[in-house]
Chemist: 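Quick one: this structure, given as structure tokens, is what I'll be asking you about.
The sequence lines fix the lettering, A, B, ..., with proteins before strands; numbering per chain opens at 1. As the structure is a prediction and not an experimental result, all values here were calculated from the model.
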Number of protein chains: 2
Amino acid sequence: MAHKTREQLIEVGLQRIHAAGYGATGVNEILQLADIPKGSFYHHFPSKEAFAEAVLERYGAGEKARWERLLGDKSIAPLKRLRLYFEDLMATYGRTGPISGCLLGNMALEVADHSDKLQPVLQGTFSAWNEAIAEVLREAVAKGELDHSAKPKELAAFLLNNWEGALIRSKVERSDQPLELFLHFTFKALLKK
Amino acid sequence: MAHKTREQLIEVGLQRIHAAGYGATGVNEILQLADIPKGSFYHHFPSKEAFAEAVLERYGAGEKARWERLLGDKSIAPLKRLRLYFEDLMATYGRTGPISGCLLGNMALEVADHSDKLQPVLQGTFSAWNEAIAEVLREAVAKGELDHSAKPKELAAFLLNNWEGALIRSKVERSDQPLELFLHFTFKALLKK
DNA sequence: ATATGAGTAGACCAGTCTGTCTAGTGATTC
DNA sequence: GAATCACTAGACAGACTGGTCTACTCATAT
């Protein structure tokens with residue numbers, strides 16, 4: 001299988017880069033874990049940076065699947081859906097979950113300033129994410145769950161920033177508490193009609 | 001002067017680590033920029049990690065000075081003070097400023113998980129910061145600028161997370177707009193009686 | 001005068017980094 | 001059955017990593 005090697009590299013790379021960071025993860029480390037020789041790596045990817053791009057896209061695709069699954073279920077009220085979505089994120093990326101933190105946020109701080117190749121990928125993924133949440137908020141406004149004066153796009157950006165910030169703090173505190181605080185404030189105070 | 005060398009190392013280190021990150025900044029690089037030989041570095045600091053601790057403490061001290069200066073001026077109304085404070089932060093750490101991003105947030109994502117030595121320093125600095133903001137919010141409650149039901153400590157944490165998230169997004173977008181959005185939402189919507 | 005010790009100086013070490021190079025494999029195509 | 005091509009394989013290169021080591025300077029204390 002031609003593509004299996006490539007897939008496995010991305011798989012292992014995603015896991016390692018998410019856990020340890022882009023800079024801290026060496027190509028050799030990935031190679032060793034995947035039991036794949038170096039020649040294969042540089043056959044499939046021109047550089048580590050290009051590899052990271054593929055990893056980022058893989059991550060983005062996975063997250064897109066998540067939000068489509070959880071935010072797309074129109075049988076549930078919009079704000080309820082949104083809360084379930086963030087609860088799912090919390091279970092997945094909180095400190096009790098298998099991997100902690102958001103790869104997007106992590107990579108953003110590490111490379112967005114310095115890599116002109118990765119920055120647009122990050123930007124695009126954030127954008128799509130923002131839009132998905134804005135869409136739910138629009139529904140919430142339409143159904144009267146939010147005031148008509150609410151600006152879905154801006155509010156969605158505010159929520160995302162908030163989530164990313166809470167992840168940082170939860171890393172520092174080594175606790176899920178900041179994430180719980182995020183949920184609480186967001187749904188008890190911010191998203192009130 | 002015995003301490004000048006040490007001071008200069010911290011100075012240069014702070015600047016480089018803030019700009020490029022902890023992992024991406026080599027000891028040799030700092031040495032070269034400061035024009036100081038390696039022997040001195042390892043005389044003053046047992047390791048790169050210990051050096052980073054000193055850098056972090058220096059950064060924390062600088063930030064403490066900032067918030068004491070801007071948040072301590074009781075001649076200005078509490079929420080007005082808070083806004084001025086965040087505007088100052090934005091001018092300093094926004095993309096138009098000389099250095100972008102918050103060293104605390106950057107390092108948090110990079111090392112909080114992996115360094116047991118740096119994590120408590122990060123935690124302590126965040127804590128102190130949180131408390132300083134909570135104090136202003138308490139004043140705001142006392143003066144009737146905020147509802148009595150507001151929880152200063154939690155609200156302060158929420159604001160900080162928000163700010164850090166906005167900084168991430170502003171890095172990704174390569175624009176100050178997310179920071180402006182933060183200011184707008186925070187003071188027009190969140191901190192309303 | 002001499003001893004002590006903080007601090008300077010930089011060569012050096014072992015290991016790691018990303019990336020290159022050549023050689024070879026194995027399946028498909030003409 | 002020969003040529004071609006995607007892919008595997010891993011030795012190797014050259015730069016760079018954090019950290020060590022020994023030699024040295026120089027101010028102070030006795």
Chemist: For D:dA9, does OP1 or OP2 lie under 4.0 Å from any side-chain N or O of A:S40?
Modeler: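 No, A:S40 has no side-chain N/O under 4.0 Å of OP1/OP2 on D:dA9.
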
Chemist: Below the 4.0 Å mark, does C:dA6 have OP1 or OP2 next to a side-chain nitrogen or oxygen of B:H44?
Modeler: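 No.
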
Chemist: Taking only residues two or more places apart in sequence or in another chain, which ones pass salt bridge (charged side-chain N to carboxylate O under 4.0 Å, His left out) with B:E57?
Modeler: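 B:E57 satisfies salt bridge (charged side-chain N to carboxylate O under 4.0 Å, His left out) with no residue once adjacent residues are dropped.
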
Chemist: May I ask you to check whether over 12 heavy atoms, not counting those of B:Q32, lie within 6.0 Å of atom CD?
Modeler: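 12 or below, so no.
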
Chemist: If the condition is salt bridge (charged side-chain N to carboxylate O under 4.0 Å, His left out), which residues does A:E49 pass it with, not counting sequence neighbours?
Modeler: none

Chemist: For D:dA9 and A:H43 - does any side-chain N or O of the residue sit under 4.0 Å from the phosphate oxygens OP1/OP2?
Modeler: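 The answer is no; no side-chain N or O of A:H43 sits under 4.0 Å from OP1 or OP2.
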
Chemist: So A:W129 and A:W67, would you call those rings parallel, tilted or perpendicular, with 30° and 60° as cut-offs?
Modeler: parallel

Chemist: Using a cut-off of 4.0 Å on non-hydrogen atoms, how would the nucleic acid contact of A:K48 be classed: base, sugar-phosphate, or nothing?
Modeler: sugar-phosphate

Chemist: Over 60° means perpendicular and under 30° means parallel, so tell me whether B:W163 and B:F86 are parallel, tilted or perpendicular.
Modeler: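 It falls in the tilted class, 30° to 60°.
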
Chemist: For the pair made of CZ in A:F45 and P in D:dT8, what is the distance, rounded to whole Å?
Modeler: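 In whole Å, D:dT8 P lies 11 Å from A:F45 CZ.
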
Chemist: When clusters are formed by joining ILVMFWY residues with side-chain heavy atoms under 4.5 Å apart, either directly or through shared neighbours, do B:I30 and B:I99 land in the same one?
Modeler: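 Both belong to a single hydrophobic cluster.
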
Chemist: Any donor-acceptor pair under 3.5 Å joining the side chain of B:K38 to the base of D:dT20?
Modeler: no

Chemist: Specify the separation, in whole Å, of atom CG of A:L9 and atom C1' of D:dT8.
Modeler: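 To the nearest whole Å, that distance equals 12 Å.
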
Chemist: Could you state the interatomic distance from CD (A:E63) to OG1 (A:T92), rounded to the nearest 0.5 Å?
Modeler: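 These two atoms lie 7.5 Å from each other.
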
Chemist: Heavy-atom contacts under 4.0 Å between residues 107-121 of chain A and DNA chain D, which residues?
Modeler: none

Chemist: Could you state the atom-to-atom distance from CZ of B:F51 to C1' of D:dT17 in whole Å?
Modeler: 16 Å

Chemist: Only counting residues at least two apart or in another chain, list the ones meeting salt bridge (charged side-chain N to carboxylate O under 4.0 Å, His left out) with B:D35.
Modeler: none

Chemist: Quick check on contacts: within residues 17-34 of chain B, what sits under 4.0 Å from DNA chain C by heavy-atom distance?
Modeler: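 Heavy-atom contacts with DNA chain C come from no residue of residues 17-34 of chain B; none.
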
Chemist: B:Y42 has a side chain; which of D:dG19, C:dT8, D:dA9 sits nearest to it?
Modeler: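 Closest nucleotide to the B:Y42 side chain: D:dG19.
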
Chemist: Could you tell me which residues satisfy salt bridge (charged side-chain N to carboxylate O under 4.0 Å, His left out) with B:D88, sequence neighbours excluded, listed by chain and number?
Modeler: B:R66

